[in-house]
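First the structure, in the form of structure tokens, and then the observations on it.
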Amino acid sequence: MEILASLDLSILDIFLAVLVVALGTAIQSAIGFGLAMVAAPVLLLINRNFVPGPLIVAALFLVIWLAYTDRHAINFSYLKVALMGRLIGTPPAAFLIGTVSAVTFDMLFGGLVLMAVLISLIHANIRATPVNVFLATIASGFMSTLSSIGGPPLALVFQNAKGPELRANLSVLFIMGCMVSLTALVIVGRFHWLDLLYSLILVLGVVPGVLCSGPLKRRIDKQTARPWLLGLCALSAFLVLGRAAIQL
């Protein structure tokens with residue numbers, strides 16, 4: 001109970017945090033992203049200390065597992081440009097944390113994601129070329145370091161990939177991204193030992209989420225994930241814009 005007091009959490013807070021991470025994990029286990037998009041807005045309402053560092057830690061555990069599960073579909077040719085993009089996009093976000101208002105960032109994030117979804121609907125033949133992956137990882141690194149939500153840019157690039165290819169390659173890119181973002185947060189003093197305790201709580205939701213993802217995963221593997229990806233990206237944008245509107 002002393003630990004809970006130091007974290008400013010109730011038993012209900014912990015239950016809700018684990019539950020929302022389990023739900024987000026189930027979605028990401030099926031289509032390759034979605035944990036942060038589903039969990040971050042709710043976790044911010046429960047306790048702002050869950051985001052971004054602890055949620056990034058939970059996501060790191062998940063994507064390591066997903067990359068291993070679908071390792072046969074990994075395309076390692078993306079790794080070099082993805083790392084370069086992440087290293088470019090992450091530092092500015094790490095230094096901007098605390099200086100940019102939440103409303104400003106939410107409006108920028110939501111607007112850019114909606115614009116990307118619209119472009120994807122008009123140009124349905126978008127492919128994961130090295131240039132596209134590079135640009136997407138810059139955007140992903142910036143967004144995820146500020147808010148934990150970095151999936152939409154990469155998901156839009158891989159929107160025409162099949163289930164295993166989608167999950168495997170997104171997971172590998174997210175592994176690199178999570179590690180770069182966490183390192184940046186530590187360097188700028190935004191991740192401390194207390195954040196490890198918040199992280200442990202969220203990791204508890206990863207296991208049940210993976211175990212419950214089977215039916216959705218099998219359905220995704222039988223068809224293209226593109227409608228799911230575009231729908232989730234649009235939903236994330238509207239949720240973030242809605243949060244900004246409430247705070248105005």
Side-chain angles (χ1 to χ4, degrees), residues 3-10 13-25 28 33-67 83 85-102 104-106 109 137-154 170-171 173-207 209 236 239-240 243:
I3 295 178
L4 294 183
S6 65
L7 295 177
D8 191 27
L9 290 173
S10 67
D13 290 336
I14 294 175
F15 173 78
L16 292 176
V18 171
L19 181 63
V20 72
V21 168
L23 176 61
T25 294
Q28 180 154 336
F33 92 110
L35 169 56
M37 188 212 77
V38 171
V42 180
L43 292 175
L44 282 171
L45 295 176
I46 297 173
N47 190 309
R48 294 190 65 88
N49 291 321
F50 279 127
V51 180
L55 183 54
I56 293 175
V57 172
L60 179 59
F61 275 84
L62 173 60
V63 294
I64 289 174
W65 169 251
L66 294 179
L83 180 58
R86 193 75 184 209
L87 291 174
I88 292 173
T90 297
F95 286 104
L96 280 175
I97 289 179
T99 63
V100 177
S101 71
T104 299
F105 175 76
D106 283 353
F109 176 95
T137 49
I138 292 177
S140 178
F142 187 84
M143 290 179 175
S144 66
T145 304
L146 275 178
S147 68
S148 303
I149 304 175
L154 289 171
L170 284 182
S171 295
L173 298 181
F174 286 148
I175 289 172
M176 289 193 307
C178 288
M179 295 177 68
V180 171
S181 292
L182 283 174
T183 301
L185 291 174
V186 171
I187 291 174
V188 300
R190 300 290 298 186
F191 191 87
H192 306 284
W193 70 268
L194 202 60
D195 292 303
L196 292 175
L197 296 179
Y198 285 103
S199 302
L200 179 60
I201 292 171
L202 299 188
V203 169
L204 294 176
V206 172
V207 175
S236 70
L239 288 174
V240 172
R243 185 173 67 190

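Residue indices begin at 1 and follow the sequence shown.
By the 4.5 Å heavy-atom criterion applied to side chains, Trp65 and Ser171 are not counted as neighbours. A 4.5 Å side-chain heavy-atom check between Leu185 and Asp195 finds every atom pair outside the cut-off. Gln28 is listed as a side-chain neighbour of Val63, based on a closest heavy-atom distance under 4.5 Å. Side-chain contact between Val57 and Leu202 is absent, with no heavy atoms from C-beta onward closer than 4.5 Å. Side-chain atoms of Phe174 and Leu62, non-hydrogen and from C-beta on, never get closer than 4.5 Å to each other. Contact annotation: the side chain of Leu9 approaches that of Ile201 to within less than 4.5 Å [non-hydrogen atoms, C-beta and beyond]. The shortest distance between side-chain heavy atoms of Leu60 and Ile175 falls below 4.5 Å.
Listed here is the closest heavy atom pair of Gly141 and Ala93: O-CB, 4.4 Å. For Pro52 against Ser144, the heavy-atom pair with the smallest separation is CB-O, 4.3 Å. Minimum heavy-atom separation, Val51 to Ala40: CG2-O, 4.1 Å. Of all the heavy atoms in Ser140 and Pro153, the pair that sits closest is N-CG, 4.0 Å. When all heavy atoms of Ala59 and Leu35 are compared, the closest pair comes out as CA-CD2, 3.7 Å. Minimum heavy-atom separation, Asp8 to Tyr198: N-OH, 4.5 Å.
With sequence neighbours excluded, the residues forming a side chain to side chain contact (heavy atoms under 4.5 Å, CB included) with Val38 are Val20, Leu23, Ile27, listed by chain and number. Judged as a ring-ring contact (aromatic ring centres under 6.0 Å, His included), and not counting sequence neighbours, Phe191 has no contacts.
No donor-acceptor pair under 3.5 Å is formed between the side chain of Thr90 and the backbone N or O of Ser181. For Arg86 (side chain) and Thr137 (main-chain N/O), no donor-acceptor pair under 3.5 Å exists by modelled atom type.
The OG1 atom of Thr183 sits 6.5 Å away from atom CD1 of Ile187, with the distance rounded to the nearest 0.5 Å. Residue Asn49 holds its CG atom at 11.0 Å from CG of Leu197, rounded to the nearest 0.5 Å. Leu16 CG to Ile46 CD1: the interatomic distance, rounded to the nearest 0.5 Å, is 5.0 Å. If you take CG on Asn47 and OG on Ser10, they are separated by 9.5 Å, rounding to the nearest 0.5 Å. Atoms CD1 and CD1, on Ile138 and Ile88 in that order, are 4.5 Å from each other to the nearest 0.5 Å.
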